[in-house]
*Asks:* 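My questions will all concern the structure given below.
Basis for what follows: all heavy atoms, side chains included, without hydrogens, waters or symmetry-related copies. Labels below follow one simple rule: chain letters A, B, ... track the order of the sequence lines, proteins then strands, and each chain is numbered from 1.
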Amino acid sequence: MRTSTEPPAAARQRQSPEPPHLKPRPVAPRAASRDRLAAGAFLTPAVVLVSVVLLAPFGSTIYRSFFDDHRHSTFTGLDNYRLFFTDDALLRSAENTLLWVAGTVVLPFALGMLIACLTDATRWSRLARLCVIIPYALSGAAVAVVWNFVLSSDGALNQALSAVGLGSLSHSWLLDWPGNTLVIICVNAWQATGVAVILILVGLQSVPPETLEAASLDGAGPWQRFRFVVLPQLRPVSIIVIGMSLANGLKSFDLLWVLTRGGPGRATETLAVSMYEETFLLQRPGAGSAIAVVLTVIVLAASWLYLRRQFGEKGA
Amino acid sequence: MKTFGTAGKDVRPGPTRRRFLAGLGAGVSGPALAGCARGSSTAAVAGTASFGNDNGSWDEGYALASKALRPLTGYSLRPLSVPEAIAYKQVTQMTLQTSRASDMIKWGAGYELKQLARGGQLTDLSGLWDAYRDKGWVRDSQRDTMQYRGAVYGIPLYESYYVVFYSRPVFARLGLRVPGSWEELLHCATVLKRHGVTPFVSTQFGGWPAYEWFQELLSKVDPDFYAALGEGKARYTDEPARRAMDIWHDFIRKGWMTPPDYDQGNGAAGLRDGRVGMFLHATWHTKNLSGADMRPLKDYDAFILPTVAKSTKKSVITESSALAVPRSATSHEAGMASAGAWLHPNVQRAWTDYLQDGSANPVVRSGNPVVAGLRQNITKERRTRLIRYGEAGPPSLIQGNVEDISGFMTGQTSPQATLRSMAERADEEWRMWRQDEA
């Protein structure tokens, strides 16, 4: 109960008088400019680095995409971009990229959520998590070599099927479209699920137990607790997992390149592989540049739209 | 307690963290930038010639050749290997733009070499070639694959032939003999298949192997047509090409070919264990066969695929990488000296004994009796030497067509559709090539 009749502000001032040496001093113009110079000096390396290794090559790529691929190239306007409507290989590549985006967003997230929820707070959770996370520590090229051994026509999978009397299910896993693309997406999910599990587990461990207890007291069953209590609290983590998967799906290259080199023919190419194929193998840098520009625009636009929407809604 | 920002004016400040970091940054970035700018691996090393190549597994062979080269030139070889062929091409094309290219580079013959030569990045080796020719160490027919506009830009690194390897014990067990005609070849395949052995290795795994059967069948249907195709003077939709593709399609339908994703790396073991009967490949494969404990003439032998019709002119597909000297070589003199002595018999004996393959020098006999026998057959039968398909056209045409052939092998496209697609690409790519030449 307050007993003093003094106004609160005056009382606060007397109780905690500000020491004279902590009073803000007017900043001298010389010191301010020195600070700005120091800030500029610290920023410059990063700005120069980004400009030299990212922005300048990107600008050069955009420029190159407007020229043809003759020995002495000439300006051809949007001809290289028209390939997206006329070249069958690029159309197939765009289809595959869409499949990859869908597959790499849905599978790692769904599997990651399932594994994280099943292994959270169980006795054998550490071992289970380790098993799932180990593939993430492997390089894409190593994963591709191992899976090629498994999936080739005379590979381990078909041999295993034959050994258990299921030879009729043997299949040319990497040869027929769209099956080969879907199989490679599954291989990618096998590797990428580990990181989703880690992130979702972190999210699960940050869910306050009181909220779950309160839901239990209100009579909520396990599914209801997950659906209405846990899942909404995992939203920030989910945004990160899906955002990362989206970008990874759009720029997928290493696994695909080592496993099939975009083949047979050009059946399993994604836009990232097509960009490499056109530029370095078919020696059409103009066409390759156009694909690079389109791919960059798609990755940036998709990431920006997704993150803006997600974080915008959260803030609202 | 000492706090930041309280030092008196009369106290001289010691070295701060910022200064330390700035000094460290300058110290590290200076040498790093210098290193990036100059490229240390291709820098001149006294008494050596750097040799850019795409096959690190041959380093031992280069070392043996180097021992033989040094007394002749005063330089030893310093191999700079990039193990992946596509990466090697990119790295080499980039370093050729700098002043620090390797002293010698391994490159594809034919149009691969022409494309590099027309950019003005290679040294004219016509003088070296003439000297070799005067000594009888090269054949005139080899010159075609190494020249551009009359000047020579490459020295052949080796000479391989595309032949069919087979297992002697398996053939003996099944009562088969080396096929001398097309009918006998079909008989061998039929018998092998009947005994559960896949008759032929055929794959598109790895990209380029897709064209091995294409070039072989085409040249055995009509070698002149194959040569004309390589000059852009024939169409892929012409009768000989259709015939070759029909034969191949028939082989696939009969189950005579391995799956299109068969790993050729398993071919040697497959041949040894009797899982595959015949393996069409280049003679440099003998080294892999030795690695699978197969001895020449005892465990394996090889023959050149018979012609489809008896009256067809006999031919053999050859392969030889080119050894070129970049104009911007760090030690140009070392590169020229080494290229000028590469075909010396002493060097070639050391090199081909390691490689177990044929020498580009016709005087040098291969240490491998199978390869030596094949070469004898080629000379005796006066077989026309044809360049392999990979170097028989503008690189972008070949790359695109190899992908079409892959599509055919996996059943994505019919023989006719495949040839139509190849023909359309050929029209466009040859037009571009000639336009660029003009």
*Asks:* Sort out for me which of B/Gln115, B/Gln93, B/Glu437, B/Lys89 touches chain A most, counting heavy-atom pairs under 4.5 Å.
*Replies:* B/Gln115

*Asks:* Flag yes if more than 12 heavy atoms outside A/Phe67 fall under 6.0 Å of its CZ atom; otherwise flag no.
*Replies:* yes

*Asks:* So which part of B/Phe408 gets closer than 4.5 Å to some heavy atom of chain A, the side chain, the backbone, both or neither?
*Replies:* neither

*Asks:* Is the backbone N or O of A/Ala267 less than 3.5 Å from a side-chain atom of B/Gln412, with the two atoms forming a donor-acceptor pair by type?
*Replies:* no

*Asks:* Mind running side chain to side chain contact (heavy atoms under 4.5 Å, CB included) on B/Gln399 and A/Glu277 for me, showing each step along the way?
*Replies:* CA-CA 10 Å; B/Gln399 178 65 31; A/Glu277 165 87 20; 3.7 Å; yes

*Asks:* I'd like to verify something: which residue of A/Leu174, A/Asp69, A/Asn148 has the highest number of heavy-atom pairs under 4.5 Å with chain B?
*Replies:*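 That would be A/Asn148.
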
*Asks:* Is there a side-chain contact between A/Leu175 and B/Pro260 (heavy atoms, below 4.5 Å)?
*Replies:*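 With C-beta onward as the side chain, the pair touches.
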
*Asks:* Checking A/Tyr276 against chain B: side chain, backbone, both or neither under 4.5 Å from a heavy atom?
*Replies:* side chain

*Asks:* Would you say that more than 12 heavy atoms from the other residues, nucleotides or ligands in this model lie under 6.0 Å from the CZ of A/Phe149, or not?
*Replies:* no

*Asks:* To the nearest 0.5 Å, tell me how far A/Leu281 CG sits from B/Glu403 CD.
*Replies:*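 Between atom CG of A/Leu281 and atom CD of B/Glu403 there are 7.0 Å.
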
*Asks:* Just wondering, more than 12 heavy atoms not from B/Arg434 lying within 6.0 Å of its CZ?
*Replies:* yes

*Asks:* Treating B/Asp261 as the side-chain partner and A/Ser153 as the backbone partner, does any N or O pair qualify as donor plus acceptor under 3.5 Å?
*Replies:* yes

*Asks:* Heavy-atom count around B/Arg253 CZ within 6.0 Å, excluding the residue itself: above 12?
*Replies:*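 Buried by this count: over 12 neighbours within 6.0 Å.
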
*Asks:* Would you check, one step at a time, whether the test side chain to side chain contact (heavy atoms under 4.5 Å, CB included) holds for B/Met432 with A/Asp68?
*Replies:* CA-CA 11 Å; B/Met432 276 178 73; A/Asp68 68 20; over 6 Å; no

*Asks:* Counting neighbours of CZ on A/Phe75 that are heavy atoms of other residues, nucleotides or ligands and sit closer than 6.0 Å, is the number greater than 12?
*Replies:* yes

*Asks:* Does B/Arg327 have more than 12 heavy atoms from other residues, nucleotides or ligands lying within 6.0 Å of its CZ?
*Replies:*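 Atom CZ in B/Arg327 is not crowded, with 12 or fewer foreign heavy atoms closer than 6.0 Å.
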
*Asks:* Determine whether A/Leu282 and B/Glu429 satisfy the following criterion, side chain to side chain contact (heavy atoms under 4.5 Å, CB included), listing intermediate values before the conclusion.
*Replies:* CA-CA 11 Å; A/Leu282 294 170; B/Glu429 295 293 344; over 6 Å; no

*Asks:* Can you name the nearest heavy-atom pair linking A/Gln283 to B/Pro395, along with the distance?
*Replies:*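 Heavy-atom minimum between the residues: NE2-CB, 4.0 Å.
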
